[in-house]
Amino acid sequence: MYYSFTASLRLPAYILFVLVVMLAATALLCDLLRRGASRSSRLMAATAYGAAVLLVGLRKPTSGAAMLVCHALFAAVVARGTPVRDLAGLAAAMAVGGFALLALVQLVHPDWLAVMRDGALLAQLTDGRTVGVVLGRLFQDAGASARRLGPDAILGACVLMLLVWLGRRRRWSRGVVVWSLVAATGVVVLGTLWRGYGKTWWLAYALVVVSWAWGLRSRHAVRPAGTPASGHAPTFALVALLMVLPVAFSLGTNGSLPAHTQMASMFAVLALLVVLQRLVVLEELPRLALAVCLAFIGGAGFFIQWPTLGDPAATYRLRAGLFDQVHPIEFGPRRAVVRVDEPTRHEVEVLRTLASEAGWTPGLPLIDLTGDGPGWVLALDGRPPGLAWVIGGYAGSLRAAHWALGRIQPSKLAQSWVLTAHGNPRSVAEHPDWLRGIDPGLRYRLVGRLQVGARYSFDAARGAQPVTLSLWKPERENER
């Protein structure tokens, strides 16, 4: 579960946290709604569920709200007939879990609400994200996806029609339906590998899942009258929930929502596994067919993860595969050991030498205007004032950086060193004189330059181009 199923290592840690907690919250919801479970276990699951929902909401409010809506609709289907008293007890346990976590957050970070408010404002300044923009982009992406999915929709309709037709032929329906669906599973999984991380993978998986479910339903539709239907509604509701959660996970992204959902493909894989398990329980799926399906699914995951061991293109903002990241280097105030590739280790050592010769000491304030992330600040053991990561590359990056850095105390700003980058499209500013728009009295002196390799390519034709880092030292009045 550490990496997403089809996104390989292309998954930043903050998104990975949301994904894992959403998976855990969904599992807890299924556990607390499970019939036959003891009251104590259901209350414990409800308490943990309340805390998990709040965790997602604190980390990514749009995903937390969307997940809660999806979970509520699922619970409305599955919990029908549950006594109101039991539902009230579960709701109270959820509230206890949420309030307990909120009290802990308040104790550890008393200013958490102000931080979240500032974060929301910073996001609006950076790329104009508001609730209206997020919802508008959701409908826009849905319309664009619908236009691109014509062939897939036609193929899915043909598969469904074939399964309905086969499902009504009692004599040979079981074998043909089972192996047709096994073949469909293989085609979709292999197609995902062949086409790469396509923007429509989740709909392709949805077609397979719906095919399985429809084949199962049509199979039982021809049973003699009076035979129990086994109650497929909870299974169908769970499959539908798992298929829509990738959209909830990606809601609020500043990029293409269909492309972003690929990082949550684990939900679609789980939906497929749920239906497979249901078919096995109903003795509709032979063990051999199940083994073939699992081989397709597991094999796809293996072949997707394997390139990350040696291919930098399969990793997230890393220039080397995992096998090449063997050189230890210490980062941060606690001297945490991180293993990197040899070029990165060399670049960090050279930058540290340049900074030390210019009078740098660990713990000094450092403003990173490279726009890529806080990695270089940690490498120098600096203290970023205002923001750890001044994000570049967006229409409002300069406006957001001006707002965030303008809140720093003038004395702290005057003591801050500055790191800039030339040749990086994500750079916030290539020269520290930009900061004079905040304080006209600021002056800086160039103390060193270093050429480093790019973490990723912005131009497919040219490939990744080197980036030049520049380290600037603040000048005091008596040094001018």
Side-chain angles (χ1 to χ4, degrees), residues 4 11-29 46-75 91 94-142 241-242 244-264 266-267 386-391 394-397 399-400 403-404 407:
S4 69
L11 192 60
Y14 59 94
I15 294 295
L16 176 63
F17 176 82
V18 175
L19 173 63
V20 172
V21 178
M22 286 183 68
L23 286 165
T26 304
L28 288 169
L29 178 64
T47 304
Y49 174 78
V53 170
L54 183 61
L55 273 177
V56 177
L58 290 175
R59 189 60 193 89
K60 192 178 179 186
T62 52
S63 296
M67 181 189 73
L68 192 58
V69 171
C70 294
H71 282 181
L73 294 174
F74 169 74
M94 294 177 194
V96 169
F99 280 118
L101 179 62
L102 194 61
L104 180 62
V105 171
Q106 179 67 31
L107 181 64
V108 177
H109 296 288
D111 57 345
W112 67 273
L113 188 57
V115 171
M116 289 196 67
R117 183 178 61 248
D118 291 346
L121 178 58
L122 191 63
Q124 294 179 24
L125 291 173
T126 302
D127 55 13
R129 264 182 291 179
T130 61
V131 175
V133 170
V134 169
L135 294 178
R137 187 171 294 171
L138 172 63
F139 290 109
Q140 180 181 358
D141 287 339
L241 172 66
L242 292 172
V244 77
L245 280 178
V247 179
F249 166 80
S250 298
L251 189 65
T253 180
N254 53 17
S256 169
L257 188 139
H260 194 274
T261 56
Q262 67 182 345
M263 292 191 287
M266 179 60 71
F267 287 110
L387 283 176
W389 182 1
V390 184
I391 302 175
Y394 297 99
S397 289
R399 182 171 63 249
W403 174 81
R407 305 175 67 193

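Note that the numbering runs from 1 along the sequence shown for the chain.
Between Cys70 and Val244, the shortest heavy-atom distance links the atoms SG-CG1, 3.7 Å. Pairing each heavy atom of Ser63 with each of Val56, the nearest pair is C-CG1, 4.1 Å. Closest approach of Ala52 and Val21 over heavy atoms only: O-CG1, 3.5 Å. Nearest heavy-atom pair, Met116 versus Gly57, reported as atom, atom and distance to 0.1 Å: CE-O, 4.1 Å. The nearest pair of heavy atoms linking Leu251 to Thr62 is O-OG1, 2.6 Å. Met67 and Val53 get closest at one heavy-atom pair: CE-CG2, 3.8 Å.
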> Would Trp403 and Leu121 satisfy side chain to side chain contact (heavy atoms under 4.5 Å, CB included), going step by step from the backbone distance to the final call?
Replying inline: CA-CA 10 Å; Trp403 174 81; Leu121 178 58; 3.5 Å; yes
Let me see the working for Leu241 and Phe267 under side chain to side chain contact (heavy atoms under 4.5 Å, CB included), right down to the final yes or no.
CA-CA 9 Å; Leu241 172 66; Phe267 287 110; over 6 Å; no
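Between the CG atom of Leu23 and the CG atom of Leu245 there is a distance of 8.5 Å, given to the nearest 0.5 Å. Within the model, atoms CG of Leu68 and CG of Leu73 stand 10.0 Å from one another, a figure rounded to the nearest 0.5 Å. Taking CG of Leu242 as the start and OG1 of Thr26 as the end, the distance is 6.5 Å to the nearest 0.5 Å. Between the CD1 atom in Ile15 and the OG atom in Ser250 there is a gap of 8.0 Å [rounded to 0.5 Å]. With values rounded to the nearest 0.5 angstrom, Leu122 atom CG is found 10.5 Å from Arg399 atom CZ.
Arg59 meets the salt bridge (charged side-chain N to carboxylate O under 4.0 Å, His left out) test with no other residue; sequence neighbours excluded.
The side-chain hydrogen bond (donor to acceptor under 3.5 Å, both in side chains) contacts involving residues 46-58 comprise Tyr49-His71, where partners must be two or more places apart or lie in separate chains. Within the structure, ring-ring contact (aromatic ring centres under 6.0 Å, His included) pairs that include any residue of residues 96-122 do not occur (at least two apart or interchain).
Relative to the six-membered ring of Phe17, Lys60 misses at least one condition, a distance below 6.0 Å or an angle of at most 45° to the axis.
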